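The model shown is predicted, which means the values in this text are computed figures rather than measured ones. What you see below is based on every heavy atom in this structure, not just the backbone, and it leaves out hydrogens, waters and symmetry mates.
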Amino acid sequence: MSKAEFDLDDSASPIDEIIKAVGKSTGFSCKRINTEGQELDVLIDGDAKAFAERDYPEGILQLSAVDKRVLRITFNPDVVGARAVLAGIFGTRLRLAACRTSADLENGQKHVRETAWFTLGSAALTIPVLVLAWAPIPPRPIACGSVSLALATAVQVLIAGRFYASALRALIFTRVIEMDLLIVLSTTTAYVFSIVAFANLVMGHPLETGEFFKTSTLLVTLVMLGRLVSAFVRQKAV
């Protein structure tokens, strides 16, 4: 996973609003990094997010929920010690949580798993389309075209739908033409043309080129495979 850190002028706007604006315009996950004090991960008997919303005692700089039961406490060691934080500064005795791997590593592993599932799903939907297009089976153009249309629609919506969101976000907010936009244009063109060709076939006026749902589905699958390899290599390089 790629990561960028930068300083913000908090006098221009509240930090929370800036984080929301950056996340909306880029699609990236944004969070505030606290470089002051020391941190403790503790177990909470209840909801960590609800616990983090309480008023901070003296010496506590930040409370953030790591997951449902683990809370990260950032404190000033010159004001309050780690033992005092655990002993009862919040009105209850806290327990140390188990050591966690780096958040960057966890996010990278999650990204690889998510990309792998999308790639497998795309391949599972694409292979039947390729079989119907290239396998020596009895010619049933309308039946095969109907199945190919359904599978190609699933690929275009469920898998390639992520590209539409990122491409439009980059084009609208940053006014930049990224690779996702090129993927969207190419796959959508092939998909829409195939729908038109199949509709003409059903109406009894087939086009010379015929439909080629295999093009859009195979292109999406190859793009996802490339992204999976790239994510896996970046994860292994960390």
Please answer whether the main-chain N or O of [Y] pairs with a side-chain N or O of [X] as donor and acceptor at a distance below 3.5 Å.
| X | Y | value |
| --- | --- | --- |
| Ser194 | Phe212 | yes |
| Ser146 | Ile142 | yes |
| Ser216 | Ala190 | no |

What is the distance from atom [atom1] of [X] to atom [atom2] of [Y], rounded to the nearest 0.5 Å?
| X | Y | atom1 | atom2 | value |
| --- | --- | --- | --- | --- |
| Lys214 | Thr126 | NZ | OG1 | 12.5 Å |
| Glu114 | Gln109 | CD | CD | 14.0 Å |
| Ile44 | Lys49 | CD1 | NZ | 14.5 Å |
| Glu39 | Gln62 | CD | CD | 8.0 Å |
| Ile183 | Phe163 | CD1 | CZ | 5.0 Å |
| Leu181 | Leu168 | CG | CG | 7.5 Å |

Can you tell if the side chain of [X] reaches within under 4.5 Å of the side chain of [Y], non-hydrogen atoms only?
| X | Y | value |
| --- | --- | --- |
| Gln235 | His111 | no |
| Ile73 | Val42 | yes |
| Asn200 | Pro206 | no |
| Thr74 | Gln38 | no |
| Met224 | Thr115 | yes |
| Val147 | Val129 | no |
| Tyr164 | Arg169 | no |

### Query
For Ala150, which residues count as a side-chain contact (heavy atoms from CB on, under 4.5 Å) partner, sequence neighbours excluded?
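Partners of Ala150 by the side-chain contact (heavy atoms from CB on, under 4.5 Å) criterion come out as none, since no residue qualifies.
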Single-linkage hydrophobic cluster, 4.5 Å side-chain cutoff, [X] and [Y] together:
| X | Y | value |
| --- | --- | --- |
| Ile159 | Val223 | yes |
| Leu218 | Leu132 | no |
| Phe193 | Leu149 | no |
| Met179 | Leu222 | no |
| Leu130 | Phe213 | no |

Surrounding [atom1] of [X] (heavy atoms of other residues, nucleotides or ligands, distance under 6.0 Å), is the total greater than 12?
| X | atom1 | answer |
| --- | --- | --- |
| Ile177 | CD1 | no |
| Arg162 | CZ | yes |
| Phe232 | CZ | no |

#### Entry: Working for side-chain contact (heavy atoms from CB on, under 4.5 Å), residues Val112 and Trp117
CA-CA 9 Å; Val112 171; Trp117 281 114; over 6 Å; no
### Message
To check you understand the geometry: which heavy-atom pair defines the closest contact between Val70 and Ala97, and what is its length?
### Response
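It is CG1-CB, 4.0 Å.
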### Query
Between Leu219 and Ser186, what is the shortest heavy-atom contact and its length?
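Looking at all heavy atoms of both residues, the closest pair is CD2-OG, 3.3 Å.
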### Task
Check the pair Val176, Leu171 against side-chain contact (heavy atoms from CB on, under 4.5 Å), reporting the backbone distance first and the verdict last.
CA-CA 5 Å; Val176 173; Leu171 187 63; over 6 Å; no
### Message
Under the side chain to side chain contact (heavy atoms under 4.5 Å, CB included) test against Gln156, which residue among Val184, Leu151, Thr187 passes?
### Response
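In the set Val184, Leu151, Thr187, the residue that makes a side chain to side chain contact (heavy atoms under 4.5 Å, CB included) with Gln156 is Thr187.
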### Message
Under the criterion side-chain contact (heavy atoms from CB on, under 4.5 Å), I'd like the reasoning laid out for Leu63 against Leu71: C-alpha separation, chi angles, the key distance, then a yes or no.
### Response
CA-CA 7 Å; Leu63 300 176; Leu71 180 74; 4.2 Å; yes
### Query
Between the side chains of Tyr191 and Thr217, does any donor sit under 3.5 Å from an acceptor?
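Tyr191 vs Thr217: no donor-acceptor pair found between side chains.
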### Query
Are Val80 and Val85 close enough, and set up right, to give a side-chain contact (heavy atoms from CB on, under 4.5 Å), and what steps lead you there?
CA-CA 7 Å; Val80 61; Val85 173; 4.1 Å; yes
